[in-house]
**Q** 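First the structure, which I've put down as C-alpha cells, then a few questions once you've had a look.
Heavy atoms only: backbone and side chains are in, while hydrogens, waters and symmetry mates are out. For reference, positions follow the sequence shown, starting with 1. Bear in mind the structure is a predicted one, so any value in this text is a computation, not a measurement. Both ligands and their constituent atoms are indexed starting at 1 by order of listing.
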Amino acid sequence: MKKSWKAAALVFATVMLTACGSKADTNQTNDTAVSAQPQQTEESATTDKTSEADVQEAVPETGGTLTFGTNAEFPPFEYVASSGVIDQYDGIDMAIAKNIAEQNGMTAAVENMEFDSLLVALQNGQIDAAIAGMTVTEERKEKADFSIPYYTATQVMIVKEDSDIASASDMADKKICVIQGYTGEICVKDLGYPYEAFKKGTDAIMELVNGKCDVVVIDSATAQKYVFDNDGLKIVEDASAFASEEYAIAVKKGNTELLDKINKTVEAMLADGTVAELGAQYIEAISAE
Ligand code: ARG
C-alpha cells in the first residue's frame with residue numbers, strides 16, 4: 001500500500017504551553033519548524049536565582065564534550081541507525097545537537113536513556129542538555145530551563161484504516177494506548193479516558209497492529225513514520241482536542257550560560273532555514289527506506 005509522508009509545512013503557529021486541551025489554534029495541525037523569529041519566553045530571559053550556585057561547570061570548556069541526553073525511540077527526531085550523525089544516533093535532533101556543539105567549539109556526545117529519566121539526568125549533571133522532541137510544559141519548566149522552541153507539533157490518533165474513530169471524543173469507549181511519560185499520555189489523562197501506557201512507541205503500535213488496542217495517541221511526525229512503516233493504519237487529527245506543542249532543548253535550571261549558547265545557535269539555525277531543511281531531509285530519508 002502506498003503511503004504518503006507529508007513534508008513539514010512552514011507555517012507560523014500560536015502555541016500554548018499546555019500539552020493539550022481545547023486552546024489549540026485550529027488552523028494549525030501540520031508539523032513545522034517554528035518561525036525564524038522565535039519569541040524569547042519570559043522564563044528563559046530571566047535568571048533563575050535559586051540554583052545558579054549549584055552549577056559546577058555550566059559549559060564544558062572549548063574542545064570539550066557537550067553531552068546531550070535523548071531517548072532514541074522517536075523518529076524522525078532521534079533513532080538508532082547503522083551510522084548516525086553522532087555515533088549510532090541519527091535524526092533531526094541529533095543533527096541540531098551536533099551543530100550546537102560544533103558552533104560552540106565542542107564535540108557532541110549522546111547518552112541514550114528512558115524519556116522519563118532525562119530531566120533527572122539533567123539535575124544530576126549526568127548530561128549537559130536534553131534534546132528529545134521534548135514538548136515544553138509548565139510542569140517540566142519547574143524542573144529544567146528550556147531553549148527557544150525549534151519545532152511545532154501536535155498529538156494525533158493512529159488507528160486502523162477501517163476504524164470509526166474520527167475525533168478525540170470517539171476514543172471514549174475504545175482501548176487507548178499511549179507512551180509512558182509522553183505528552184500524549186497527559187492529553188489522554190486530561191480527557192479523562194482510561195488508557196494503557198507502553199515504554200516505546202513501537203510497542204504501542206504493535207498492540208494496534210495486532211488488534212489489541214484501538215488507537216495510539218502520539219506526536220504527529222512520529223505518527224507519520226509509524227503509519228508509513230505499517231500497512232493498514234491511518235492518522236486522525238483533532239485540533240479542537242489537541243493543542244499545538246513546541247519542542248525545545250532543556251538544560252539544568254539556572255544554567256543560563258549554556259542556555260544562551262544553545263539559544264544563539266538554534267536562533268541562527270531557524271533564521272537560515274537549517275532546521276526546516278533538516279526536517280525535510282530526515283522526513284525524505286525515512287520515507288525512502
Ligand atoms: N513530545 C512528547 C513529549 O515531550 C514526546 C517526546 C518523546 N521523545 C522521545 N525522544 N522519545 O512528551
Side-chain angles (χ1 to χ4, degrees), residues 8 13 15-21 24 29-34 67-81 84-86 88-97 108 110-122 127 129-147 149-158 177-191 195 197-205 216-226 235 237 242-251 278-279 282 286:
V15 175
M16 315 293 155
L17 285 179
T18 49
C20 35
T29 53
N30 284 335
D31 291 6
T32 161
V34 298
T67 306
F68 288 89
T70 198
N71 168 255
E73 301 279 352
F74 198 64
F77 292 92
E78 43 267 333
Y79 52 94
V80 175
V85 283
I86 306 171
Q88 71 270 41
Y89 303 107
D90 213 347
I92 298 165
D93 284 348
M94 299 299 99
I96 292 174
V110 166
E111 283 220 25
N112 191 19
M113 61 186 75
E114 287 193 2
F115 185 74
D116 275 349
S117 306
L118 287 167
L119 297 186
V120 177
L122 266 184
I127 54 174
I131 185 162
M134 189 181 280
T135 303
V136 183
T137 68
E138 291 302 334
E139 201 190 333
R140 290 174 183 164
K141 275 165 64 183
E142 283 168 18
K143 298 184 186 140
D145 287 341
F146 283 90
S147 71
Y150 61 90
Y151 206 82
T152 302
T154 187
Q155 297 300 308
V156 298
M157 295 166 280
I158 310 178
C177 288
V178 298
I179 321 328
Q180 195 181 306
Y182 286 18
T183 38
E185 179 180 14
I186 303 169
C187 291
V188 172
K189 200 184 271 175
D190 285 355
L191 288 167
Y195 59 84
F198 290 83
K199 280 236 178 281
K200 297 177 181 183
T202 46
D203 294 344
I205 292 299
V216 175
V217 177
I218 195 165
D219 300 54
S220 35
T222 306
Q224 287 185 27
K225 164 68 174 156
Y226 290 145
I235 289 174
E237 296 180 354
F242 303 119
S244 295
E245 302 185 11
E246 288 184 327
Y247 295 171
I249 300 161
V251 299
L278 282 171
Y282 275 96
I286 281 169

**Q** Which residue owns the protein heavy atom closest to atom 1 (N) of ligand 1, what's the atom, and how far is it?
**A**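 Looking only at protein heavy atoms, the one closest to atom 1 (N) of ligand 1 is Asp219 OD2, 2.6 Å.
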**Q** Do Tyr182 and Phe74 make the cut of ring centroids closer than 6.0 angstrom?
**A**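 Yes, close enough.
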**Q** In Å and rounded to the nearest 0.5 Å, what is the CZ to SG distance from Phe198 to Cys177?
**A**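 With rounding to 0.5 Å, CZ (Phe198) is 4.0 Å from SG (Cys177).
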**Q** For ligand 1 and Thr183, I'd like to know whether there is a polar contact (N/O to N/O, distance under 3.5 Å).
**A**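 Yes: some nitrogen or oxygen of Thr183 is under 3.5 Å from one in ligand 1.
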**Q** Kindly give the heavy-atom pair with the smallest separation between Gly133 and Tyr150, and that separation in Å.
**A**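 Looking at all heavy atoms of both residues, the closest pair is N-OH, 3.7 Å.
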**Q** Of the protein's non-hydrogen atoms, which lies at the shortest distance from atom 8 (N) of ligand 1, and what is that distance?
**A**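 Result for atom 8 (N) of ligand 1: Ala132 O, 2.7 Å.
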**Q** Where do Leu119 and Ala250 come nearest, in terms of heavy atoms and distance?
**A**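 Where Leu119 meets Ala250 most closely, the heavy atoms are CD2-CB, 4.1 Å.
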**Q** Any side-chain heavy atom of Tyr89 sitting closer than 4.5 Å to one from Glu78?
**A**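 Not in contact.
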**Q** Short list, please: which atoms of ligand 1 are under 4.0 Å from a heavy atom of Met134?
**A**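 It comes down to these atoms of ligand 1: 4 (O).
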**Q** Search all heavy atoms of Phe68 against all heavy atoms of Ala97 and return the closest pair with its distance.
**A**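 So the minimum-distance heavy-atom pair works out to CE1-O, 3.5 Å.
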**Q** If you have a sec, work out which protein heavy atom is nearest atom 6 (C) of ligand 1 and how many Å separate them, to one decimal?
**A**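 The closest heavy atom on the protein side is Gly133 O, 3.4 Å.
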**Q** Taking only residues two or more places apart in sequence or in another chain, which ones pass side-chain hydrogen bond (donor to acceptor under 3.5 Å, both in side chains) with Gln88?
**A**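 Partners of Gln88 by the side-chain hydrogen bond (donor to acceptor under 3.5 Å, both in side chains) criterion come out as none, since no residue qualifies.
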**Q** State the atoms of ligand 1, each with its element, that fall below the 4.0 Å cut-off from a heavy-atom position in Glu78.
**A**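 Counting atoms of ligand 1 from 1, those under 4.0 Å from Glu78 are 9 (C), 10 (N).
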**Q** Is there a heavy atom in Arg140 that sits closer than 4.0 Å to ligand 1?
**A**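 Within the 4.0 Å threshold, so yes.
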**Q** Under 4.0 Å from any heavy atom of Tyr247, which atoms of ligand 1 are there?
**A**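 Counting from 1, the qualifying ligand atoms are 1 (N).
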**Q** Tell me the nearest of Tyr79, Tyr151, Phe77, Tyr182 to atom 7 (C) of ligand 1, using heavy-atom distances.
**A**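 Looking at heavy atoms only, Tyr182 sits closest to atom 7 (C) of ligand 1.
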**Q** Counting only heavy atoms, which portion of Gln155 has something under 4.0 Å from ligand 1: side chain, backbone, both, or neither?
**A**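 Neither; nothing of Gln155 gets under 4.0 Å from ligand 1.
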